[in-house]
Protein chains: 2
Amino acid sequence: MNTPAANNANELLKLDNQLCFPLYALSRMFTKAYQPYLQALDITYPQYLVLMLLWEHRELTVKELGEKLLLDSGTLTPLLKRMEQRQWLSRRRDPRDERSVIITLLPTGHELQAQACSIPVHLLEKLQLSPTEFETLRTQLQQLLTVLR
Amino acid sequence: MNTPAANNANELLKLDNQLCFPLYALSRMFTKAYQPYLQALDITYPQYLVLMLLWEHRELTVKELGEKLLLDSGTLTPLLKRMEQRQWLSRRRDPRDERSVIITLLPTGHELQAQACSIPVHLLEKLQLSPTEFETLRTQLQQLLTVLR
DNA sequence: CAAGATTTAGTTGTATACAATTTAATGGCT
DNA sequence: AGCCATTAAATTGTATACAACTAAATCTTG
């Protein structure tokens, strides 16, 4: 354990020298930053992600949602059922392929968009990043996401 | 909804135009990338974080762990109890302040370090980032973490 | 066309996260 | 000393995540 190589390995084992921990911590901090705005709409962050996709696409299968959010049915099915209970969306089997379930936004779900569209603006203010910084970071993360996918 | 301002607000509501989603997705993908190596040690990612801190510091209170990991006792207490059951660490009240709980690494917990020190190396390989890219990204995330904290 | 492979959701069980509340101990102040 | 505010963990309840498995529908290939 006292060779330079071992010391280097131990250095790498420190929290501060890793990429993963800041990602993990930042991800949770962002979710908390969203919290007050989401609470006003009575939705959670993953539910907000689903809504964003449905505002853009109107209807999507569970599989498509999973591909876009990188979540599986074990997470999505109960989440979508909760959203169905609140009348934000409907779940129905695809008549042309009974294996698939099509998620469609209901009127109540559409109405949330008007209240939600100020959320990203609020968050941008909280971040205090210049548009350039924001864009650079977003692009880098997006790239890393593509590489790892 | 057809004014330029409203359209811009709707643009911002797309997944691809946000910082938060790539952080959220990347964080989970990283955890999955660690998974095979952590599974070999039979630990979870948050448990690995706790171990890394204890390898570096020997003993820490629950409060100190929470400050470093940005987690509260609601998350840490049950997590630490599970690690205690496996004899990796001990939990005992601080005699000088009975409110605090001191977490100390046990021999079994120390031994895990020898097996764990190859993990960051494996991860670096998976990432395929140049040392410069890695460092730039790490610094940016670290900074963002400091700003938001 | 029939059997086996594949695909899509759903289910089960475990482990986080975290808000909100509770409990116990300590500190500060009169 | 006695009281109140503060602090540190623990507890409770809800909502993700995700591995592993199941069930049903569809596809493929001989």
Side-chain angles (χ1 to χ4, degrees), chain A residues 20-21 23-36 38-50 60-67 69-86 88 91-103, chain B residues 20-21 23-36 38-51 60-86 88 91-103:
Chain A
C20 189
F21 175 68
L23 281 173
Y24 164 77
L26 269 176
S27 172
R28 289 182 296 114
M29 288 182 68
F30 264 72
T31 306
K32 274 190 196 167
Y34 276 97
Q35 176 56 20
L38 297 180
Q39 189 170 4
L41 307 189
D42 196 23
I43 57 180
T44 66
Y45 180 69
Q47 289 170 6
Y48 173 61
L49 295 178
V50 168
L60 290 167
T61 64
V62 172
K63 176 186 157 69
E64 287 166 335
L65 279 171
E67 282 168 356
L69 299 176
L70 308 183
L71 292 171
D72 68 6
S73 67
T75 301
L76 284 174
T77 298
L79 187 155
L80 293 169
K81 280 184 176 176
R82 281 187 283 273
M83 297 179 77
E84 184 187 33
Q85 282 188 336
R86 307 222 179 168
W88 293 330
R91 299 161 64 245
R92 67 174 202 284
R93 292 280 164 181
D94 184 343
R96 289 168 309 173
D97 183 346
E98 291 280 342
R99 287 173 305 182
S100 296
V101 166
I102 299 177
I103 308 298
Chain B
C20 189
F21 176 68
L23 281 173
Y24 164 77
L26 269 177
S27 172
R28 289 183 296 114
M29 287 181 68
F30 263 71
T31 306
K32 274 190 197 167
Y34 276 97
Q35 175 56 18
L38 298 180
Q39 189 170 6
L41 307 189
D42 196 22
I43 57 180
T44 65
Y45 181 68
Q47 290 169 8
Y48 173 61
L49 295 178
V50 168
L51 286 173
L60 290 167
T61 63
V62 173
K63 177 187 157 70
E64 288 166 333
L65 280 171
E67 283 167 356
K68 290 177 190 296
L69 298 176
L70 309 183
L71 292 171
D72 68 6
S73 67
T75 301
L76 285 174
T77 297
L79 187 155
L80 293 169
K81 281 185 175 175
R82 280 187 284 271
M83 296 178 77
E84 185 188 32
Q85 282 189 336
R86 307 225 179 164
W88 294 329
R91 301 161 61 246
R92 67 175 202 285
R93 292 278 165 183
D94 184 343
R96 291 168 308 173
D97 182 346
E98 291 279 344
R99 288 172 304 181
S100 295
V101 166
I102 300 178
I103 307 299

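Values below: every heavy atom of this structure, side chains too, minus hydrogens, waters and symmetry copies.
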Whole-Å distance separating the [atom1] atom of [X] from the [atom2] atom of [N]:
{"X": "Leu76(A)", "N": "dT11(C)", "atom1": "CG", "atom2": "P", "answer": "14 Å"}
{"X": "Arg96(A)", "N": "dT26(D)", "atom1": "CZ", "atom2": "P", "answer": "12 Å"}
{"X": "Arg93(A)", "N": "dT26(D)", "atom1": "CZ", "atom2": "P", "answer": "10 Å"}
{"X": "Lys81(A)", "N": "dA9(C)", "atom1": "NZ", "atom2": "P", "answer": "13 Å"}
{"X": "Leu60(B)", "N": "dA8(D)", "atom1": "CG", "atom2": "P", "answer": "14 Å"}
{"X": "Glu64(A)", "N": "dT8(C)", "atom1": "CD", "atom2": "P", "answer": "10 Å"}
{"X": "Asp42(A)", "N": "dA19(C)", "atom1": "CG", "atom2": "P", "answer": "15 Å"}
{"X": "Leu38(A)", "N": "dA19(C)", "atom1": "CG", "atom2": "C1'", "answer": "14 Å"}

### Task
List the protein contact pattern of nucleotides 13-25 of chain D with one symbol per nucleotide (5' to 3'): B for base contact, S for sugar-phosphate-only contact, - for none; contact means a heavy-atom distance under 4.0 Å.
--SBBBS-----B
### Query
Are the side chains of Leu51(B) and Met83(B) in touch, meaning some heavy atoms are under 4.5 Å apart?
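The answer is yes; the side chains approach within 4.5 Å.
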#### Entry: Non-hydrogen side-chain atoms of Thr77(B) and Arg91(B) separated by less than 4.5 Å
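Result yes, sub-4.5 Å side-chain heavy-atom pair found.
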### Message
Consider side chain to side chain contact (heavy atoms under 4.5 Å, CB included). Of Leu79(A), Leu71(A), Leu80(A), Leu49(A), which one does Leu65(A) pass it with?
### Response
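Of Leu79(A), Leu71(A), Leu80(A), Leu49(A), side chain to side chain contact (heavy atoms under 4.5 Å, CB included) with Leu65(A) is met by Leu80(A) alone.
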### Residue whose closest nucleotide on DNA chain C lies nearer the 5' end, Lys63(A) versus Asp94(B)
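The residue closer to the strand's 5' end, by nearest nucleotide, is Lys63(A).
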### Message
On the nucleotide dG10(C), are OP1 or OP2 found under 4.0 Å from the side-chain N or O atoms that Arg91(A) carries?
### Response
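It does, given that an N or O in the side chain of Arg91(A) lies less than 4.0 Å from OP1 or OP2 of dG10(C).
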### Task
Just say parallel, tilted or perpendicular for the rings of Tyr45(A) and Tyr34(A), cut-offs at 30° and 60°.
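Tyr45(A) vs Tyr34(A) ring planes: tilted.
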### Query
Does the pair Glu67(A)/Lys63(A) count as a salt bridge with the N-to-O cut at 4.0 Å?
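Looking at Glu67(A) and Lys63(A), the cut-off is met.
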### Query
Where the side chain of Arg82(B) meets the backbone of Gln47(B), is there a donor-acceptor pair that is under 3.5 Å apart?
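No, the answer is negative, given that no donor and acceptor are paired below the 3.5 Å cut-off.
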